[in-house]
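Here is the structure we will look at.
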Amino acid sequence: MTAQETPGPLAGLEQAAHLHALAERIHHAADDLPTAESTHSLASISEEVEDQVRVIAAIFASLAHEAAVHNRAAKRHPGAADSLAHRKVALMTRAADPLGWALAKLGEAIAQIGHLHEISASPRTPERARAIDTARAALNDRLFSAHRHLTAAAGTLHRDADLLVAAASGVRRAPTAPPAHPNRPPAPLPTAVSSAPSRALR
């Protein structure tokens, strides 16, 4: 596409499909997170967390790569990129903020897993049982929080993609609701992610 060409409806649909595909990858990562309340052993939970950290980190890295490639192309060929491409990258990279928070919460979950391993090796006492219950509750809280950030990211991407489809087709379309996880309550509809750095702890 040259600098003089205007992106057509097909380009908008392709960009929307890209956002929907990314949202589905994030939804799958959220759905594959374990819960500390499950009957799975601590070893099984540890392995599942390890797997999903790899998946989410790979998605996070792909967003950074997408932004870097787009910016390099814009620098080398000023005016060549159309406004729709800029918009797609902006919408995609908005997911980086909640993905980063999800990774941070999984980091806290890993710390709780290590703490549980240490407690489990101690002699059996009432204090040990209470400590295990407390650590399990903290682990579940971190996993649930990571799941919430992931579903927020995916839900926002789905809605942004629907807006691109509506703009391309000229038809108003209701946003896609994020699918509910079978073992967790539905996540609340997220608000738009601000482009300004967040300073509040979540």
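All figures in this text were calculated on a predicted structure; none of them were measured in a lab.
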With a 4.5 Å cut-off on side-chain heavy atoms, are His27 and His158 touching? yes

For Ser145 and Arg142, indicate whether the former's side chain and the latter's backbone hold a donor-acceptor pair under 3.5 Å. no

I want to check something: taking the side chain as every heavy atom from C-beta on, are His117 and Ser46 in contact at a cut-off of under 4.5 Å? yes

Applying side chain to side chain contact (heavy atoms under 4.5 Å, CB included) to Ile113 and Val49, what does each step give before you reach the verdict? CA-CA 10 Å; Ile113 289 172; Val49 168; 4.3 Å; yes

Side-chain contact test, heavy atoms from C-beta onward, threshold under 4.5 Å: evaluate it for Lys105 versus His147 and give yes or no. no

To the nearest 0.5 angstrom, please state how far the CG atom of Leu157 sits from the CZ atom of Arg159. 9.5 Å

Whether the side chain of Thr151 engages the backbone of Arg148 through a donor-acceptor N/O pair (distance < 3.5 Å, no angle test) should be reported. yes

Going by atom types alone, do His20 and Asp162 pair a side-chain donor with an acceptor below 3.5 Å? yes

Non-hydrogen side-chain atoms of Arg128 and Ile119 separated by less than 4.5 Å: yes

If we only count heavy atoms from C-beta on, is the Met92 to Leu22 side-chain gap below 4.5 Å? yes

Run the side chain to side chain contact (heavy atoms under 4.5 Å, CB included) check on His18 and Glu66 step by step: do they pass? CA-CA 12 Å; His18 195 172; Glu66 185 87 19; 4.1 Å; yes

For Leu150 versus Leu33, what's the shortest heavy-atom pair and its separation? CD1-CD1, 3.8 Å

In terms of heavy-atom contacts, Leu91 and Asp160 come closest through CD2-OD2, 3.5 Å

Non-hydrogen atoms of Ala57 and Leu103 that approach each other most closely: N-CD2, 4.1 Å

Apply side chain to side chain contact (heavy atoms under 4.5 Å, CB included) to Glu118 and His115, showing your working. CA-CA 5 Å; Glu118 182 181 30; His115 184 46; 3.8 Å; yes

Heavy-atom check, side chain of Ile56 versus side chain of Leu99, under 4.5 Å: yes

One should read off an interatomic distance between Leu42 CG and Arg136 CZ, to the nearest 0.5 angstrom, of 5.5 Å

Quick one: closest heavy-atom pair of Ala109 and Leu139, and the distance? O-CD1, 3.5 Å

Out of curiosity, His149 NE2 to Phe144 CZ, how far, rounded to the nearest 0.5 Å? 10.5 Å

Do Glu48 and Ser44 meet the criterion of a side-chain donor-acceptor pair at a distance under 3.5 Å? yes

Verify side chain to side chain contact (heavy atoms under 4.5 Å, CB included) between Glu50 and Leu106, making sure each step is shown before the conclusion. CA-CA 9 Å; Glu50 179 189 13; Leu106 288 176; over 6 Å; no

If you look at every heavy atom in Val89 and Ala67, which pair is closest and at what distance? CG1-CA, 4.2 Å

State, to 0.1 Å, how close Ser120 and Ile132 come at their nearest heavy-atom pair, and which atoms those are. OG-CD1, 4.3 Å

